[in-house]
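The chains referred to below are lettered A, B, ... by the order of the sequence lines, with proteins before strands, and numbering in each begins at 1. Below, all heavy atoms of this structure are taken into account, side chains as well, without hydrogens, waters or symmetry copies.
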Amino acid sequence: MVRVRFAPSPTGPLHIGGVRTALYNYFFAKKQGGKLILRIEDTDQTRFVEGAEKYIQESLKWSGIHFDEGPNIGGEFGPYRQSERKELYRQYADQLIEDGYAYYAFDTAEELKALREKEEAEGHKFQYDSKHRKDLNNSLTLSKEEVEKKIAAGENFTIRLLVPEDEEIVFTDIIRGEVKVHSSNMDDKIIFKSDGMPTYHLANIVDDHLMEITHVIRGEEWLPSAPLHILLYRYLGWDAPEFAHLPLLLKPDGKGKLSKRDGDRLGFPVFPMEWTDPQTNEISSGYKESGYFPEAFINMLAFLGWNPGDEREIMSMDEMTEAFSLDRVSKSGARFDADKAKWFNHEYLQKYPMEKLVSAFKELLKKENIEEVCDDYIEKVIKAIKDRADFVEDFIPHGLYFFKRPESYDEVAVKKHWRENSVTNIGLIAEEFEKCEEWKADILENIVKEQIEKHEMPGGKIFNGIRILLVGASSGPHLFDILEILGKEESLIRLKEGIANIGQE
RNA sequence: CGCCCGUUCGUCUAGUUGGCCUAGGACGCAAGGUUUUCAUCCUUGAAAUCAGGGGUUCGAAUCCCCUACGGGUGACCA
């Protein structure tokens with residue numbers, strides 16, 4: 001049975017790169033009939049952010065990524081918050097010390113910082129590794145008695161992994177193939193902090209093992225520490241899971257991975273939902289609030305680094321799950337494209353259930369103080385305008401005139417299309433409209449065309465003139481569809497009022 | 001700077017067992033059409049000498065090596 005996990009740290013809002021990682025884990029688990037676990041990695045108390053965990057859970061839920069186990073869900077392998085598993089980790093660190101794979105280190109953070117700065121000033125780099133550990137303050141250099149004394153005296157200590165001096169660490173990444181790192185390039189990472197908490201590295205390995213995780217699918221930024229994790233599994237005597245390191249999501253412009261700042265700078269959301277920073281009250285926009293459908297958002301995100309291998313692009317969660325495979329994930333980072341994101345939403349909007357669109361549009365109209373419009377009418381309007389909308393919110397700029405007579409007429413359009421004889425010509429057409437018994441688009445079209453021919457009117461100016469009177473601008477769907485939807489009475493009022501208004505100018 | 005990972009149209013990518021690739025699709029862009037608008041729709045087009053250079057081979061985007069460039073990482077953070 002395949003078991004995978006998504007393990008975010010609640011240090012702020014989850015950004016879309018994280019959502020994508022969760023998504024691929026979800027696809028992988030569902031495809032294999034396995035389980036998806038949510039684990040909160042909150043071993044750093046200093047970076048705790050109020051509301052972040054709740055935000056993460058809600059965002060994932062909105063995105064349609066559902067977990068089989070996790071905090072607030074439960075499961076046999078809980079608790080699923082590392083802060084609640086605190087007591088578990090120490091024994092494994094102790095076991096590593098006993099087996100000679102780890103050691104106590106008494107150097108303070110300040111001492112190490114000073115050392116690092118001094119070495120760097122001289123042009124060297126400092127690493128707590130096989131070269132330096134014998135000169136530092138730890139249980140490898142101190143006598144057993146001294147170590148015991150220090151610990152008994154309550155002196156702060158950390159536990160570091162004893163990395164072998166000369167060994168090639170090799171592992172296979174599902175996406176990248178064989179990855180090799182020489183141990184001489186690795187440092188003796190702290191696995192247990194002086195505050196009594198494990199570091200990510202230890203907690204991660206212990207939990208993945210205890211929770212019987214079979215595949216670790218995470219971002220590429222973890223690739224450099226994977227050899228360390230391999231070592232940890234080996235020293236603890238456990239089988240390592242398989243690894244897959246996902247390519248990063250890059251900034252739309254320039255260089256580097258997508259970051260929090262990019263969204264506001266370039267005008268698109270970097271987060272699934274809106275987030276208010278509890279410290280600064282700074283607001284970061286979200287896909288949800290920007291009008292994206294979760295289905296479109298997820299579809300767009302999935303295609304940043306993966307594709308089904310055929311030419312499908314619009315795919316449901318189920319279709320993508322069915323088609324998903326880790327060996328179809330690309331190796332290189334994907335640059336986020338805001339235009340394509342909009343396109344995805346546009347495609348979903350076209351197929352969205354009409355009754356949902358109607359109620360969403362109704363909400364928007366309410367804000368414009370337009371109420372008590374029947375659903376039938378709203379539906380007709382949506383059908384006429386939705387193909388040119390990317391978001392439900394676009395219905396307002398594209399369709400408000402169906403509910404509200406124009407209060408002014410676009411100057412540029414009037415100048416371009418309104419002629420002195422427009423008053424007479426459109427007046428004639430309006431008279432013919434009065435006689436019309438069956439108010440249908442094609443019939444109205446015939447009436448207009450007959451009149452144009454009969455009186456040798458300039459066609460383009462007539463069409464556009466009528467459009468301006470009805471809409472207030474020279475845009476919108478087919479003219480005769482507008483007339484039909486508006487209905488005879490309203491159309492005639494707009495024509496007459498409009499002729500009076502513009503004609504006087 | 002060290003180590004690791006990567007490099008096909010502006011962007012996302014197809015191409016994964018070398019020949020069907022004079023490199024395909026999508027977004028975006030441009031032009032034309034829908035003898036009326038338009039932010040829709042349709043058609044067409046421009047757009048990658050497959051980072052560069054060496055090999056291997058009858059044949060390489062696909063295999064190997066080098067270089068360049070890009071990215072990640074280098075905390076008692078995850």
Side-chain angles (χ1 to χ4, degrees), chain A residues 7-11 41-44 46-47 82 105 107-109 112-113 116 120 123-128 156-160 173 175-176 179-182 184-187 189-195 197 199-201 203-204 219-227 245 247-248 250 252-253 255-257 300 303-307 309-314 327-328 330-344 346 350 385-390 394 397-398 413 416-417 445 448 452 458-468 471 473-480 482:
Chain A
S9 182
T11 53
E41 309 233 325
D42 54 352
T43 51
D44 186 357
T46 63
R47 293 214 303 162
Q82 290 185 327
D107 321 86
T108 66
L112 291 174
K113 195 182 170 211
R116 203 164 274 133
E120 273 164 20
H124 308 294
K125 56 157 188 188
F126 172 78
Q127 232 184 212
Y128 206 120
N156 275 170
F157 65 86
T158 61
I159 298 173
R160 286 180 181 270
D173 183 277
I175 294 171
R176 284 149 219 288
V179 177
K180 290 184 203 165
V181 181
H182 194 90
S184 62
N185 293 312
M186 297 164 64
D187 65 336
K189 275 272 177 310
I190 290 178
I191 55 175
F192 203 86
K193 298 184 273 187
S194 59
D195 66 359
M197 283 290 241
T199 60
Y200 166 81
H201 303 294
N204 173 260
E220 192 184 348
E221 69 267 29
W222 292 109
L223 196 50
S225 50
H245 289 92
L248 263 15
L250 272 19
D253 63 338
K255 314 156 175 186
K257 62 175 171 179
M300 176 273 295
F303 272 69
L304 253 25
W306 172 85
N307 71 80
D310 50 42
E311 290 189 340
R312 286 178 293 173
E313 289 211 77
I314 301 299
D327 46 47
R328 292 208 60 84
S330 9
K331 294 181 172 73
S332 50
R335 197 159 273 135
F336 177 81
D337 182 355
D339 279 327
K340 190 116 186 200
K342 271 188 194 168
W343 174 79
F344 272 105
H346 176 266
Q350 305 316 309
I385 63 174
K386 77 168 178 179
D387 62 356
R388 61 197 66 207
D390 292 328
D394 294 341
H398 285 307
K416 192 173 169 193
H417 299 293
E445 186 167 355
V448 173
I452 287 174
K461 302 302 171 201
I462 296 303
F463 286 117
N464 280 299
I466 297 173
R467 176 182 292 281
I468 289 167
V471 176
S474 92
S475 63
H478 275 11
L479 179 57
F480 301 98
I482 298 176

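In this structure, the ring pair (Phe, Tyr, Trp, His ring centres under 6.0 Å) partners of A/F126, at least two apart in sequence or on a different chain, are A/H132. Partners of A/D44 by salt bridge (charged side-chain N to carboxylate O under 4.0 Å, His left out), not counting sequence neighbours, listed by chain and number: A/R47. With sequence neighbours excluded, no residue satisfies salt bridge (charged side-chain N to carboxylate O under 4.0 Å, His left out) with A/D327.
Rounded to an integer number of Å, the gap from CD1 of A/I190 to C1' of B/G74 is 14 Å. In this structure, the CG atom of A/L250 is 8 Å from the P atom of B/G71, given to the nearest Å. For the pair A/I385 CD1 and B/C41 P, the computed distance is 15 Å after rounding to whole Å. Atom CZ in A/R47 sits about 10 Å away from atom C1' in B/A75, given to the nearest Å. Rounded to whole Å, the distance from CG on A/L248 to P on B/G70 is 16 Å.
A/F303 comes within 4.0 angstrom of the backbone, heavy atoms only, and of no base. Using a 4.0 Å heavy-atom distance criterion, A/S475 is classed as a base contact. Nucleic acid contact class of A/G219 (heavy atoms, under 4.0 Å, all strands): none. Among the atoms of the strands shown, base atoms are found under 4.0 Å from some heavy atom of A/T108. Base contact: A/A109 has a heavy atom under 4.0 Å from a base atom. Residue contacts for A/K386: at a heavy-atom cut-off of 4.0 Å it reaches no nucleic acid atom on any strand shown. Heavy atoms of A/P227 sit nowhere under 4.0 angstrom from any nucleic acid atom. Across all strands, A/R312 comes closer than 4.0 Å to no nucleic acid atom at all (heavy-atom distances). Using a 4.0 Å heavy-atom criterion, one finds that A/H201 contacts no nucleic acid atom at all.
OP1 or OP2 of B/A78 sits under 4.0 Å from a side-chain N or O of A/T43. Distances shown here put a side-chain N or O of A/N307 below 4.0 Å from the OP1 or OP2 atom of B/A14.
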Atom pairs under 3.5 Å: protein N/O with N/O of nucleotides 2-9 of chain B:
from: B/C5; atom 1: O2'; to: A/R176; atom 2: NH1; distance (Å): 2.5
from: B/C5; atom 1: O2'; to: A/E220; atom 2: OE2; distance (Å): 3.2

Distances under 3.5 Å between protein N/O atoms and the N/O atoms of nucleotides 33-36 of chain B, please, pair by pair.
from: B/U36; atom 1: O2'; to: A/N464; atom 2: ND2; distance (Å): 3.0

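Nucleotide B/C29: paired with B/G45 (Watson-Crick or G-U wobble, both distances less than 3.5 Å). Shown here, B/G18 forms no base pair; nothing in the strands shown gives a Watson-Crick or G-U wobble contact with both key distances under 3.5 Å. Across all strands shown, B/U34 forms no Watson-Crick or G-U wobble pair with both key distances under 3.5 Å. Base pairing of B/G6 is made with B/C69, judged by Watson-Crick or G-U wobble geometry with both donor-acceptor distances under 3.5 Å.
Candidate nucleotides B/U37, B/U73, B/C76 were compared by shortest atom distance to the side chain of A/K257, and B/U73 ranks first.
A donor-acceptor contact shorter than 3.5 Å links the side chain of A/N464 to the backbone of A/G460.
For NE2 of A/H182, the number of neighbouring non-hydrogen atoms (other residues, nucleotides, ligands) closer than 6.0 Å is greater than 12.
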Study note, to complete from the structure: For nucleotides 24-32 of chain B, 5' to 3', base contacts (B), sugar-phosphate-only contacts (S) and non-contacts (-) with protein non-hydrogen atoms under 4.0 Å give SSBS-----

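The P atoms of B/C42 and B/G25 are separated by 15 Å, rounded to the nearest whole Å.
In this structure, the side chains of A/K340 and A/M300 stay at 4.5 Å or more apart for every pair of heavy atoms.
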